[in-house]
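Below is one structure; the comments refer to it alone.
Please read these numbers as outputs of a predicted model, since none were measured by experiment. Letters go in sequence order (proteins before strands), and every chain restarts at 1.
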Number of protein chains: 2
Amino acid sequence: MDQIDRKIVRALQQDGRITVLDLAEKVGLSPTPCARRLDRLRRDEVITGYSAQVDPEKLGFGVTIFVSVELEKQDRNAIDAFERAILRCDEVMECYLMTGSRDILLRVVARDLTAFDAFLENRLMQIPGIRNLRSNFALRAMVKRDVLPMATG
Amino acid sequence: MDQIDRKIVRALQQDGRITVLDLAEKVGLSPTPCARRLDRLRRDEVITGYSAQVDPEKLGFGVTIFVSVELEKQDRNAIDAFERAILRCDEVMECYLMTGSRDILLRVVARDLTAFDAFLENRLMQIPGIRNLRSNFALRAMVKRDVLPMATG
DNA sequence: ACTGAAAATGACGCGCG
DNA sequence: CGCGCGTCATTTTCAGT
């Protein structure tokens, strides 16, 4: 992971469909070694995939909700079980295990509040071991970034 | 936005570098009309871009922190000013305007706690109009998804 | 369907550490 | 000495018309 690798990763975060030729020029390499580095970055799982950025509203997901979940038990088994269950919920875009009261933070998308209510009732609250929930609604996203900061190196 | 468009968007979220040929086959179209739809989806900003998915840890960003910010005033001007300021912070990967006490939720990445402290001191707390802050630390990401749920249609 | 461009692959020599 | 770059060439595949 040298400076050129970081440039490659950065360029690909900014434009995931850039060609190897353009990428090579951008980072100051010729195409073949650039492609070799790209292969390595994927093998090492620095780059784990590629994705289109989509406007959720245009797909009908107008609502974003953050849900704090506190589990009854916070041992490994309880957390693993919750994790397996939450992986099956497509509405959950992000899920973080937090410090402190060792609760869990979810970012959930939904079509509207009715759909979110259905998610809570039929999905989230069906998961055993939940002590309590707290939902906070987002009015809008001010920032949604896909490019990590420059690692100082 | 019909069912085929949704399939296209879904496939591109799953693999942002899929070729038009493979995409066409996947959604049951021939390449040319598939490419036309793709152009339209980009023009309509349903698809806003493409990005590589990167493992933050492998780039040295081992720490994720959620920061709740409460502003002194919650009028349009104060929020706009905060938004402009936060856009300049590369460490802020997401920022949501919330309901309730109309505060703001940030997801911040940092190299370590020292770097996060520097961000708080030199960046975030330099923004005027902040009444208070509350930081919550993530132990790890359980789920990080880039594919929106299927819109029922 | 066609044409130009790009990707994937491999071989080879070179230079810098 | 060896790793990584550059160059070149080839074949296959893709994009755009």
Side-chain angles (χ1 to χ4, degrees), chain A residues 1-59 144-153, chain B residues 1-62 111 144-148 150-151 153:
Chain A
M1 277 298 301
D2 60 7
Q3 193 59 33
I4 294 179
D5 285 332
R6 278 188 280 269
K7 277 190 185 178
I8 289 174
V9 169
R10 189 171 183 80
L12 279 167
Q13 285 179 110
Q14 289 164 348
D15 178 5
R17 281 182 84 95
I18 191 173
T19 65
V20 174
L21 267 58
D22 289 345
L23 180 62
E25 190 191 5
K26 201 163 190 171
V27 305
L29 236 51
S30 60
T32 300
C34 182
R36 277 198 279 260
R37 278 172 182 263
L38 190 47
D39 287 343
R40 181 172 49 73
L41 288 168
R42 278 199 279 192
R43 267 205 323 277
D44 295 348
E45 291 179 289
V46 176
I47 295 171
T48 56
Y50 299 91
S51 179
Q53 299 159 350
V54 175
D55 184 341
E57 309 237 357
K58 297 253 166 68
L59 275 197
K144 187 83 174 64
R145 215 192 294 277
D146 295 280
V147 184
L148 289 164
M150 253 318 198
T152 55
Chain B
M1 277 299 301
D2 60 7
Q3 192 59 30
I4 294 180
D5 285 332
R6 279 189 279 269
K7 277 191 185 176
I8 290 174
V9 170
R10 190 172 183 80
L12 279 167
Q13 285 178 109
Q14 289 165 346
D15 178 7
R17 280 182 85 96
I18 190 173
T19 65
V20 175
L21 267 57
D22 290 346
L23 180 63
E25 191 191 5
K26 200 162 191 173
V27 304
L29 238 50
S30 56
T32 300
C34 180
R36 272 200 281 268
R37 279 172 183 263
L38 189 46
D39 288 343
R40 181 172 50 73
L41 288 168
R42 279 198 280 190
R43 263 206 329 277
D44 294 349
E45 291 177 288
V46 176
I47 294 171
T48 57
Y50 299 91
S51 180
Q53 300 160 349
V54 175
D55 183 340
E57 309 236 357
K58 297 252 166 69
L59 274 198
F61 296 98
R111 188 162 34 84
K144 186 84 174 65
R145 215 192 293 276
D146 295 280
V147 184
L148 289 163
M150 255 315 201

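- Each end of the helix from C:dA1-D:dT17 to C:dG17-D:dC1 gets its own axis, taken as the rotation carrying the C1' atoms of four end pairs onto the next four within a five-pair window, and the two axes meet at 40° to the nearest 10 degrees.
- DNA chain D is contacted by B:Thr19, B:Val20, B:Leu21, B:Thr32 of residues 13-47 of chain B, taking any non-hydrogen atom closer than 4.0 Å.
- Here the closest non-hydrogen pair linking A:Arg10 and A:Leu148 is NH1-O, 3.2 Å.
- Residues passing the side-chain contact (heavy atoms from CB on, under 4.5 Å) test with A:Ala24 are A:Pro31, A:Cys34, sequence neighbours excluded.
- Nucleotides of DNA chain C lying under 4.0 Å from heavy atoms of chain A occupy a range whose first and last members, 5' to 3', are C:dA6 to C:dG10.
- Under the side-chain contact (heavy atoms from CB on, under 4.5 Å) criterion, B:Lys26 pairs with B:Ala11, B:Gln14, B:Ile18, sequence neighbours left out.
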field: Pair B:Asp15-B:Arg17, side-chain contact (heavy atoms from CB on, under 4.5 Å): steps then yes or no
entry: CA-CA 5 Å; B:Asp15 178 7; B:Arg17 280 182 85 96; 3.9 Å; yes
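- Residues passing the side-chain hydrogen bond (donor to acceptor under 3.5 Å, both in side chains) test with A:Arg37, sequence neighbours excluded: A:Asp2, A:Asp5.
- Within the structure, salt bridge (Lys or Arg N to Asp or Glu O under 4.0 Å) contacts touching residues 51-61 of chain B (residues at least two apart or in different chains) are B:Asp55-B:Lys58.
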When the side chains of residues 43-54 of chain B are checked against the rest of the protein, which donor-acceptor pairs come out under 3.5 Å, sequence neighbours left out?
residue	atom	partner	partner atom	Å
B:Thr48	OG1	A:Gln53	O	3.2
B:Ser51	OG	A:Gln13	O	2.9
B:Gln53	NE2	B:Asp146	OD2	3.2

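- At most 12 non-hydrogen atoms from other residues, nucleotides or ligands lie less than 6.0 angstrom from NZ of B:Lys7.
- Residues that satisfy the side-chain contact (heavy atoms from CB on, under 4.5 Å) test with B:Thr19, not counting sequence neighbours, are B:Leu21, B:Asp22.
- If you take CD of A:Gln3 and C1' of D:dG4, they are 17 Å apart, rounded to a whole angstrom.
- In this structure, the separation between CG on B:Leu41 and CZ on B:Arg6 is 11.0 Å, given to the nearest 0.5 Å.
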